[in-house]
Amino acid sequence: MYRPKEIEKKWQEFWKKEGAFEPAEAHEAPKMYVLSMFPYPSGRIHMGHVRNYTIGDAIARYHRKMGRNVLHPIGWDAFGMPAENAAIKHKVHPKKWTYENIDYMRKELDALGLSFSHDREFATCDPVYSKWEQSFIIDMWEKGLLYRKKAAVNWCPNDQTVLANEQVIEGRCWRCDTEVVQKEIEQYFLKITDYAEELLADLSKLEGNWPNQVIAMQRNWIGKSEGLSFAMQLDEESAQKAGAESFEVFTTRPDTIYGVTYAALAPEHPIVKTLLEKNLLDSDAAAKICAMQNQNARTRQQAEKEGLFLGLYAIHPLTGAKIPVWVANFVLTEYGSGAVMAVPAHDERDFEFAKKYDLPIKYVIKPKEGELDTSKAYTEPGILFDSGEFSGLESQEAKKKIIAYFEEKGLGKRTINYRLKDWLVSRQRYWGTPIPLVHCKKCGIVPEKKENLPVTLPEDVEITGEGNPLELHPTWKKTTCPKCGGPAQRETDTLDTFVESSWYFLRYTTPSRYWEEVPFRKEDTDYWMPVDQYIGGIEHAILHLLYSRFFTKVLRDLGYVDLDEPFKRLLTQGMVLKDGAKMSKSKGNTVDPDEIVERYGADTARLFILFAAPPAKELEWSDAGVEGAYRFIKRFWDRSANAKPTQTLPKIDHRSLSKEEKLARKKVYEALQKSKDVYEKHYAFNTLIAACMEALNALSDQKNEDVWTEGYWVLTNLLEPIIPHVSWEIADRLFGRANFAPIEVAKEALEDEAVTLAVTVNGKRRAEIEVAKDASKDAILAAAKEAAAKWIEGKEIVKEIVVPGRLVNIVVRG
RNA sequence: GCGGACGUGGCGGAAUUGGUAGACGCGCCAGAUUCAGGAUCUGGUGGGAGCGAUCCCGUGGAGGUUCGAGUCCUCUCGUCCGCACCA
């Protein structure tokens, strides 16, 4: 009788007692670092976690059984706003709430039989973790990679904090979905833009090992574009009005420069501000511009193109023509220089704007073939005309020559622009890593001395949700200046929690007893890094994965690691759906993992999740499917009675077996052969499970005890990563687990002496023939013609094709 | 608009370099067992025609390459995801 509860409890206790999953500290055996993204301790695990950790666990267990030194750690991404929200709502301290959640969730994960190293477990809110994070932050400050500036930032009015660009989804807060507003405050930024080029270039190293989608998303996010930037000179009168001689513009289409008929500034452009301050625009115009400025990013995106003439004229740098200068709502202040040269003939946006305000449209590029259609913008490359000395050139060539001309004459220069912006890392929240900086009236902003780290959070705080508790604390921020010793104030901002998750994978490489002395040991990161297989949700395609790549490069340049990229292979697992929608509390379509484990056992939950869909695809929850998984395990358990205990793989004389016995062996070894690709290459666990099911079905059609025994020897090995508890129990009873090691494929079991070939006539399947494995082509053809006589009779045979082991195709005519 | 993924039975999904489409599981049908229900076991199950051996049609659609296409090429329709006035 299969009793999952007893078996699972037994082995979970055994694994714990034995410390069965701690990696060897010696750096001798070939290593395998398998990592599922660590969870936020929200309170309870959900099916997404179960899927994430089951996939990682299957991979880790496989490699362990193959004799590799496997690092498969777990930890807790423990800082963050939900803890504060819980504090506000339930009057419980964030620290208490967080650590209690961790204790509960650890039990839930253990109940799934996940083979984690528990020695290396930590929470990112542990002060001993903050200590090193603060140390890195100080290094970055000293290197100028962390800096402070006043900036218009994304402010979430609900969470009372700033958000990074990456955390604003369609104009709303990524966490609470509140509409984000703009606010100007002093903030800390990490200079991720210094690494834009390398972050972009190194994506090509990840190709083939990371999903294309993630690579494409990061490329797009970094958003590199090359072109020409130059100064548009204002005429004398305009310069006086604007209080500026010129303004900078950027274009990726210098080949269209002779088609410039106007210029457009962003509503926030300094020249526009000056005009407003000097009251040089009439009240209607001023009101209109203010309205544009006050539109948030989201509504502006959807708004119709709007603008107005500023009464200024610029000089075309090549033709000397007078170019009217407009303000326009479609010009983004944060990209490039916040101003554009407009070429309505060859840019859709400029065209739309020109049509609306009746501005001239001048075509200067024509297609290589065919007519120019002047009812719309022609945005493709082509041949230049009406472009002075550049007329007749192709776009590509003209771009180069025009940039060269500008550089030669000192008018402008070749420029690369990125969409990526510096990472805003400060948060006005309590439950985060304190930024280890001190404000001194005399010395300015000074880093805390490293020997004083960590700067820890005060515990006696009241969290109300209004303002920053560190700012409001009566004494915490009072300190002395690390430089001059005078009175000073601590920085009260804390770090974005994505900083913690940007290096946690390095921490795991070093045994916990060193954690007080070092963030991680170089010898350990040299051995373990990069992570061989990283597994997590696609929602981290940009945020976490880009920040981690950045941090790795920074830590490399600071001398901590010798590594360019942290994650060698990435698997983004699909969502878990119920009734076609993502499981969520608000939709009320969740399935509680604890209930499934309680009812069927962890092995059933794991089997169902790995069988129902390949890991990268969405997985539709099915109660009937879970029942099916449970039935399979029960059969697997019950039929193990057909095998006999042994310490060695039985020797079988293959030739003496019956057809059914041979087929059973074949299915068993086919599954074994498949397992290598599944566990090491494509992770299509569903197909391996199907192969094991076929093998069990085939074993059940015969009665040979040795074949049964051999079958279980192989199948408990293959299924151990997927359904570990029942596999350990059976393998322990039958084989003393002697089979938990690499197994050789018995080649004779895979080679049939007779093969079945399909006979097709003109590609249509007509018959089947059975021929000896080594039958000659002539013999096969003769058999095929006999079997397909009915379709060949009276017709001329044009061609005969024999595909060994597959089919025969006879092509006839008439 | 740009980028990515994808489209196969009632459902989830299988199908090496092009080589017997629908493995495996769910569901459904029938039978066995059981006091009953449930559970278990055995068999069947793409659609259509026929008593039947058999035949025809079938991988979103239309073409093409090929002895042979779910797989390759062209066009087209549709779904999902990400980014989006980025000059």
Side-chain angles (χ1 to χ4, degrees), chain A residues 169-170 211-221 223-225 227-229 249-253 256 263-264 266 297 300-305 328-332 334-343 346-350 352-353 379 417-420 538-539 541-542 572 574-575 577 607-608 611-614 616-629 631-632 634-635 638 674 677 684 686-697 700 756-768 790 798-812:
Chain A
I169 315 294
E170 288 180 1
N212 289 334
Q213 193 191 178
V214 175
I215 292 175
M217 282 165 76
Q218 292 211 358
R219 268 207 187 105
N220 185 260
W221 190 263
K224 180 181 183 176
S225 59
L228 168 71
S229 64
V249 296
F250 171 72
T251 179
T252 55
R253 293 293 306 272
T256 66
R300 197 187 288 186
Q301 225 175 77
Q302 293 160 344
E304 200 192 326
K305 288 193 178 35
N329 66 345
F330 71 87
V331 182
L332 306 172
E334 66 273 13
Y335 183 76
S337 55
V340 296
M341 64 172 219
V343 186
H346 304 293
D347 181 282
E348 276 164 23
R349 293 153 303 171
D350 297 348
E352 194 186 326
F353 192 81
T379 57
N417 254 316
Y418 298 93
R419 271 182 244 184
L420 182 70
I538 185 80
E539 66 272 20
I542 298 173
T572 49
M575 284 189 299
L577 310 180
L607 180 64
F608 168 72
F611 183 55
K617 262 187 109 164
E618 292 179 334
L619 184 153
E620 174 70 32
W621 187 265
S622 155
D623 292 329
V626 176
E627 292 277 355
R631 275 200 292 271
F632 171 74
K634 253 200 302 196
R635 276 199 296 275
D638 290 342
K674 194 175 190 71
D677 275 357
N686 52 332
T687 63
L688 177 63
I689 295 165
C692 290
M693 287 172 167
E694 283 186 70
L696 185 62
N697 291 344
S700 306
T756 305
L757 301 181
V759 180
T760 60
V761 178
N762 288 352
K764 265 193 203 309
R765 184 176 170 278
R766 293 301 183 186
E768 242 174 34
K790 197 172 149 188
V798 190
K799 204 166 180 179
E800 292 160 338
I801 292 137
V802 177
V803 184
R806 291 278 171 190
L807 55 71
V808 180
N809 190 23
I810 299 165
V811 185
V812 296

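Predicted model only: the values in this text are computed from it and were never measured. Chain letters run A, B, ... following the sequence lines, proteins first, then strands; residues in each count from 1. Reckoned from all heavy atoms, side chains included, excluding hydrogens, waters and symmetry mates.
Mapping A:Val803 and A:Ala629 onto RNA chain B via the closest heavy atom, the residue that lands nearer the 5' end is A:Val803. Along RNA chain B, the nucleotide nearest A:Leu619 and the nucleotide nearest A:Met341 are compared for position; the residue whose nucleotide lies closer to the 5' end is A:Leu619.
The separation of B:U8 from B:C24, taken at their C1' atoms, amounts to 15 Å, rounded to a whole angstrom. B:G9 sits 30 Å from B:C2 when the P atoms are compared, rounded to a whole Å. Look at the C1' atom in both B:C51 and B:G68: the space between them is 35 Å, to the nearest Å. Nucleotides B:U17 and B:G1 are separated by 34 Å at their P atoms, to the nearest Å. For the P atom pair drawn from B:U45 and B:G22, the interatomic distance equals 12 Å after rounding to whole Å. Comparing the P positions of B:G70 and B:G60 gives a spacing of 10 Å, expressed to the nearest Å. Distance noted for atom C1' between B:C55 and B:G10: 26 Å (whole Å). Taking atom C1' on both nucleotides, B:U76 is separated from B:C81 by 22 Å, rounded to a whole Å.
In terms of heavy-atom proximity, A:Ala541 sits nearest to A:Val214 at O-CG1, 3.8 Å. Looking at every heavy atom in both residues, A:Leu696 comes nearest to A:Ser700 through O-OG, 2.7 Å.
The shortest distance between the side-chain N/O atoms of A:Lys764 and the OP1/OP2 oxygens of B:A21 is not below 4.0 Å. Considering only side-chain N and O atoms, A:Ser225 lies under 4.0 angstrom from the phosphate OP1 or OP2 of B:A87. Applying the 4.0 Å criterion to OP1 and OP2 of B:C56, one finds that A:Arg765 has every side-chain N and O outside that range. Contact check, A:Asn212 against B:A5: a side-chain N or O comes under 4.0 Å of OP1 or OP2.
Put simply, CG on A:Asn809 is 6 Å from C1' on B:G68, counting in whole angstrom units. With rounding to whole Å, A:Leu696 atom CG is found 13 Å from B:G25 atom C1'. Taking atom CG on A:Asn762 and atom C1' on B:A69, their separation rounds to 16 Å, with Å as the unit. Nucleotide B:G3 holds its P atom 12 Å from the CZ atom of A:Arg419, rounded to whole Å. In this entry the distance linking NZ of A:Lys617 with C1' of B:C6 reads 8 Å, nearest Å. Summarising the geometry, the separation between CD1 on A:Ile801 and C1' on B:U66 is reported as 9 Å, rounded to the nearest angstrom. Across the protein-nucleic acid pair, A:Asn220 atom CG and B:G82 atom C1' stand 8 Å apart, rounded to whole Å. Nucleotide B:C41 holds its P atom 12 Å from the CZ atom of A:Phe632, rounded to whole Å.
Contact annotation: the side chain of A:Arg419 never approaches that of A:Trp221 to less than 4.5 Å [non-hydrogen atoms, C-beta and beyond]. Between A:Leu619 and A:Phe608 the shortest side-chain heavy-atom distance falls below 4.5 Å. In this structure the side chain of A:Asn417 reaches within 4.5 angstrom of the side chain of A:Tyr335, judged on heavy atoms. Within the 4.5 Å cutoff, no side-chain heavy atoms of A:Arg766 are placed close to those of A:Ile810. Taking 4.5 Å as the limit, every side-chain heavy atom of A:Met341 sits out of range of all side-chain heavy atoms of A:Phe250.
In a base pair of the Watson-Crick type (N1 to N3 plus N6-O4 or O6-N4) or a G-U wobble (N1-O2 and O6-N3), with each distance short of 3.5 Å, B:A15 is matched with no nucleotide. Pairing for B:A5 goes to B:U79, judged as Watson-Crick or G-U wobble with the two contacts each under 3.5 Å. With a cut-off of 3.5 Å on both pairing distances, the Watson-Crick or G-U wobble partner of B:C55 is B:G48. Pairing partner, B:A84: none, since no Watson-Crick or wobble contact has both distances short of 3.5 Å. Nucleotide B:C35: unpaired (no Watson-Crick or G-U wobble partner with both distances less than 3.5 Å).
Between B:G3, B:C67, B:A39, one nucleotide has an atom nearer to the side chain of A:Ala216 than all others, and that is B:G3. Considering only side-chain atoms of A:Pro614, the nucleotide from B:A14, B:G82, B:C67 that sits closest is B:A14. If you check B:U40, B:G12, B:A87 against the side chain of A:Arg349, the one that comes closest is B:A87. In this structure, the nucleotide among B:G4, B:U20, B:A39 sitting nearest to the side chain of A:Gln213 is B:G4. If you check B:G82, B:C55, B:C24 against the side chain of A:Met693, the one that comes closest is B:C24. Listed candidates were B:C86, B:G82, B:C24. Nearest to the side chain of A:Met217 is B:G82. Nearest to the side chain of A:Asn686, among B:G19, B:A87, B:G13, sits B:G13. Side-chain proximity of A:Ala690 to B:A23, B:C81, B:G13: nearest is B:A23. Side-chain proximity of A:Tyr335 to the nucleotides B:C41, B:C86, B:U20 is greatest for B:C86.
If you check every strand for non-hydrogen atoms under 4.0 Å, A:Val340 touches a base. Contact annotation for A:Pro211: no contact, since no heavy-atom pair falls under 4.0 Å across all strands. Contacts of A:Arg219 with the nucleic acid, taken as non-hydrogen atoms under 4.0 Å apart, are absent. Among the heavy atoms of the strands, none lies under 4.0 Å from A:Gly336. Within 4.0 Å of A:Glu620, counting heavy atoms only, lies no atom of the nucleic acid at all. A:Glu334 comes within 4.0 angstrom of no nucleic acid atom, judged by non-hydrogen atoms across all strands. Here A:Asn697 lies in heavy-atom contact (under 4.0 Å) with sugar-phosphate atoms only. Here A:Thr756 lies in heavy-atom contact (under 4.0 Å) with a base.
No side-chain donor-acceptor contact under 3.5 Å links A:Asn686 to the backbone of A:Ala612. A:Arg253 contributes a side-chain N or O that, together with a main-chain N or O of A:Thr379, makes up a donor-acceptor pair within less than 3.5 Å.
If you check distances only, the side chain of A:Arg806 does reach the base of B:U16 with a donor-acceptor pair under 3.5 Å.
Anti is the glycosidic conformation of B:G52, whose angle departs from 0 by more than 90°.
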